[in-house]
Amino acid sequence: MANLKPISCPLCGAEAQDITVATFNGRTICCGFCGDYDVSGTVFEAGLLDRLDRRRRLDALERAKGSAPSGKRPMITSHDL
Ligand SMILES: [Zn+2]
């Protein structure tokens, strides 16, 4: 079951929801600005997104979208940063 929790988007700072399922060790975010995306456990736990400015975080999302299979939610991994 998704566990809905209001947060600020770790990419753009807008109001978003954490919809992570318990079986995933990263985070799944639903943001009105960025859309739905996953952040890998490695990126999340190391706080890698916090080290980047907003534009670089959004660039990482664009790269993740580019490598996501069609119709799949993009996942931001350390390769996208
Ligand atoms: Zn966002």
Side-chain angles (χ1 to χ4, degrees):
M1 289 292 288
N3 170 25
L4 291 179
K5 197 163 47 167
I7 57 162
S8 56
C9 175
L11 298 183
C12 73
E15 192 173 304
Q17 286 183 315
D18 184 336
I19 57 169
T20 309
V21 295
T23 49
F24 179 48
N25 72 347
R27 288 292 179 277
T28 304
I29 309 295
C30 176
C31 170
F33 182 76
C34 303
D36 290 3
Y37 60 91
D38 291 334
V39 179
S40 78
T42 307
V43 169
F44 183 79
E45 282 162 25
L48 297 179
L49 289 173
D50 297 337
R51 299 185 197 171
L52 302 175
D53 64 24
R54 183 177 185 275
R55 191 181 59 80
R56 283 170 162 259
R57 293 194 299 262
L58 294 177
D59 283 349
L61 176 61
E62 287 308 309
R63 277 192 287 278
K65 283 180 178 172
S67 55
S70 172
K72 289 280 192 179
R73 191 162 54 210
M75 160 122 66
I76 297 175
T77 69
S78 52
H79 298 292
D80 298 312
L81 303 180

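Nothing fancy with the numbering, it's 1 onward along the sequence.
With hydrogens and angles disregarded, a donor-acceptor distance shorter than 3.5 Å links the side chain of Thr20 to the backbone of Thr28. Of the possible donor and acceptor atoms, none in the side chain of Arg73 sits under 3.5 Å from a partner among the backbone N and O of Asp36.
Summarising the geometry, atom CD1 belonging to Ile7 is positioned 9.5 Å from atom SG belonging to Cys30; distances are rounded to the nearest 0.5 Å. The structure places OG of Ser8 at 11.0 Å from CG of Asp18, a figure rounded to the nearest 0.5 Å. Considering NZ of Lys65 and CG of Asp80, their distance stands at 12.0 Å, rounded to 0.5 Å. The CG atom of Asp50 sits 9.0 Å away from the CZ atom of Phe44 when rounded to the nearest 0.5 Å. Taken to the nearest 0.5 Å, the CG atom of Leu81 stands 8.0 Å off from the OG atom of Ser40. With rounding to the nearest 0.5 angstrom, the CZ atom of Arg27 is 11.5 Å from the CG atom of Asp38.
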>> Please evaluate residues Ile76 and Leu48 with respect to the criterion side-chain contact (heavy atoms from CB on, under 4.5 Å), reporting the C-alpha separation (whole Å), side-chain torsions for both, the decisive distance (0.1 Å), and the verdict.
In response: CA-CA 11 Å; Ile76 297 175; Leu48 297 179; over 6 Å; no
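Counting only heavy atoms from C-beta outward, the side chains of Leu11 and Val39 never approach each other to under 4.5 Å.
Counting all heavy atoms, side chain and backbone alike, Cys34 lies closest to Cys9 at SG-SG, 3.7 Å.
The residues Arg55 and Asp59 are annotated as salt-bridged, a charged nitrogen and a carboxylate oxygen being separated by less than 4.0 angstrom.
By the rule that hydrophobic residues join a cluster once side-chain heavy atoms approach within less than 4.5 Å of another member, Ile29 and Met75 end up as members of separate clusters.
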